[in-house]
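The chains referred to below are lettered A, B, ... by the order of the sequence lines, with proteins before strands, and numbering in each begins at 1.
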Protein chains: 2
Amino acid sequence: MSAAESFASARSIGHDAWIGAARMSFAEGKEIYAQDEDADLIYRVIRGAVRTSHLLADGRRQIGDFYYEGEVFGLELSSAHRFSAEALTSCEIAMIRRSSPASGRDVQVDRLMWAAAGSELARAQSHMLLLGRTTAAEKVARFLLDVQARCSGDAAILPMSRQDMADYLGLTIETVSRMLSRFQSEGLIRFAGARRFNVVRPTSLAASAAF
Amino acid sequence: MSAAESFASARSIGHDAWIGAARMSFAEGKEIYAQDEDADLIYRVIRGAVRTSHLLADGRRQIGDFYYEGEVFGLELSSAHRFSAEALTSCEIAMIRRSSPASGRDVQVDRLMWAAAGSELARAQSHMLLLGRTTAAEKVARFLLDVQARCSGDAAILPMSRQDMADYLGLTIETVSRMLSRFQSEGLIRFAGARRFNVVRPTSLAASAAF
DNA sequence: CGATCGATTGATTCCAATCAACGTGAGTGG
DNA sequence: CCACTCACGTTGATTGGAATCAATCGATCG
């Protein structure tokens, strides 16, 4: 199963469980849940975008993932969150209480949790492959393709800062910026402002991603 | 939940489900299941050690994880395996068929699968943090501490080759070797052969791991 | 005893981090 | 409206650490 398929299933399976779920709005930058906080809710992005991140003792930060409209996050299958979640943009979040695993009480929620768990695992595995053994150019190219694949409009939007991208990819902001400039100068992509871009030559960009 | 706790729960929860499960032996280097193969079994290491790996189109390889006695692997919550599994040493593996998710049919197996899923997710997230934002020294130090924590005897054993370690950490064999030599020359560890070591100064080694 | 594979060590290169400066755009207040 | 600020982003110069290229060592096996 590709990451994209996994996201799709997380969107569709157990959809009914979200009907009538509690909703909350978060302003840009606000924390949705904290690292080490109890994890007894699961969340779904109704509108906006979310990042999960893990802060190390020395101040370094690893971004877990980015979540867009319709995607489910916050399921970590352990008692406490290893990552915190913050609103990248102003956003609206639905949340439901997770039933105890495999209790069989609420089949709807159980199915949702399995789909979410599968999605999370697929994401983490893809992310591992990305972080593990690639050059900066490959990382950035793959990231751009991923973002573009999940954007519906004619232009892809980057709801996150360069620092977020860097922390996601295990690079510095300078390197991310250089790669973006390089791809643009090579005519692979075109930016309209810092957070809005089009992929001009998808095949060449995919070749840079080299998977 | 730490990675260690997660491993522990994977060992204990749903233990009964493994009683009477089918068993197979694999010689060193043999494949247990292949990348892209259907994933309808889950596995448990009875004796020996296993690695999971993902081969990229250009021949690069990412090691998913290493599994020791009592640990469960092969659960990926998708229809096909994204990683293959190989026997690191001669080993004995128990395997059971996974019930369809949250079917409620076999509570024992369901519970086991939840525990395994949680364990896998925790592993993947830890691995992400390791790969993402650390120096070669930090990676190797942390790896040694992880291995030692899971070894019962007085000396820790490395069932995998330097190449396996390198592919796990996203480094080259030369760099791994250099770090090991450095730690030994600094008196943090002592090797007895290439695959057997003791941690002499755990605190200093943990300081090198810097988490 | 070679032969062979895995591991170590050394020399050099190269890519990304770091250090530093500059640009840009949104918001603020005079 | 414009000057100012401030955060974010880009670009440039230099450094440093890991990869690469290359040679040697060591252990296991026929």
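Counted by atom type alone, A:Arg60 and B:Thr134 present zero donor-acceptor pairs between their side chains at under 3.5 Å. The closest side-chain donor-acceptor pair between B:Glu86 and B:Ser53 falls under 3.5 angstrom.
The distance between atom CG of B:Leu169 and atom C1' of D:dA19, rounded to the nearest whole Å, is 15 Å. Atom C1' of nucleotide C:dA17 and atom CD of B:Glu138 are separated by 14 Å, given to the nearest angstrom. The interatomic distance linking A:Leu180 (CG) with D:dC8 (C1') rounds to 14 Å, in whole Å. Separating the CD atom of A:Glu28 from the P atom of D:dA7 is a distance of 14 Å, rounded to the nearest angstrom. Separating the CD1 atom of B:Ile189 from the C1' atom of C:dT8 is a distance of 14 Å, rounded to the nearest angstrom. As a whole-Å value, the separation of B:Phe183 CZ from C:dT8 C1' is 16 Å.
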List every contact pair, protein side and nucleotides 5-7 of chain C side both N or O, where the distance is under 3.5 Å.
| residue | atom | partner | partner atom | Å |
| --- | --- | --- | --- | --- |
| C:dA7 | OP1 | B:Arg195 | NE | 3.3 |
| C:dA7 | OP1 | B:Arg195 | NH2 | 3.4 |
| C:dA7 | OP2 | B:Arg162 | N | 3.2 |

Where do N or O atoms of nucleotides 16-18 of chain D meet protein N or O atoms at under 3.5 Å, pair by pair?
| residue | atom | partner | partner atom | Å |
| --- | --- | --- | --- | --- |
| D:dA18 | OP1 | B:Ala136 | N | 2.9 |

Provide a list of protein-nucleic acid N or O atom pairs under 3.5 angstrom, restricted to nucleotides 10-13 of chain C.
| residue | atom | partner | partner atom | Å |
| --- | --- | --- | --- | --- |
| C:dG10 | N7 | B:Arg178 | NH1 | 3.0 |
| C:dG10 | O6 | B:Arg178 | NH2 | 3.1 |
| C:dA11 | N6 | B:Arg178 | NH2 | 3.4 |

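Contact record, B:Glu138 with B:Ala210: OE2-CB, 3.4 Å, taken as the closest heavy-atom pair.
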Salt bridge (Lys or Arg N to Asp or Glu O under 4.0 Å) evaluation trace for B:Arg182 with B:Glu186: CA-CA 6 Å; B:Arg182 192 176 110 190; B:Glu186 290 171 351; 3.5 Å; yes

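For the side-chain hydrogen bond (donor to acceptor under 3.5 Å, both in side chains) condition, the pairs that include at least one residue of residues 188-203 of chain B, sequence neighbours left out, are B:Arg201-B:Ser204. Counting only residues at least two apart or in different chains, salt bridge (charged side-chain N to carboxylate O under 4.0 Å, His left out) contacts with residues 168-180 of chain A are absent.
For A:His54 (side chain) and A:Arg82 (main-chain N/O), a donor-acceptor pair under 3.5 Å exists by modelled atom type. Checked by atom type and distance alone, the side chain of B:Arg123 pairs as donor or acceptor with a backbone atom of B:Phe66 at under 3.5 Å.
Partners of A:Tyr168 by side-chain hydrogen bond (donor to acceptor under 3.5 Å, both in side chains), not counting sequence neighbours: none found.
Side-chain atoms of A:Tyr68 and A:Pro159, non-hydrogen and from C-beta on, do get closer than 4.5 Å to each other.
Ring-centre distance between B:Tyr67 and B:Tyr43: not below the 6.0 Å cut-off.
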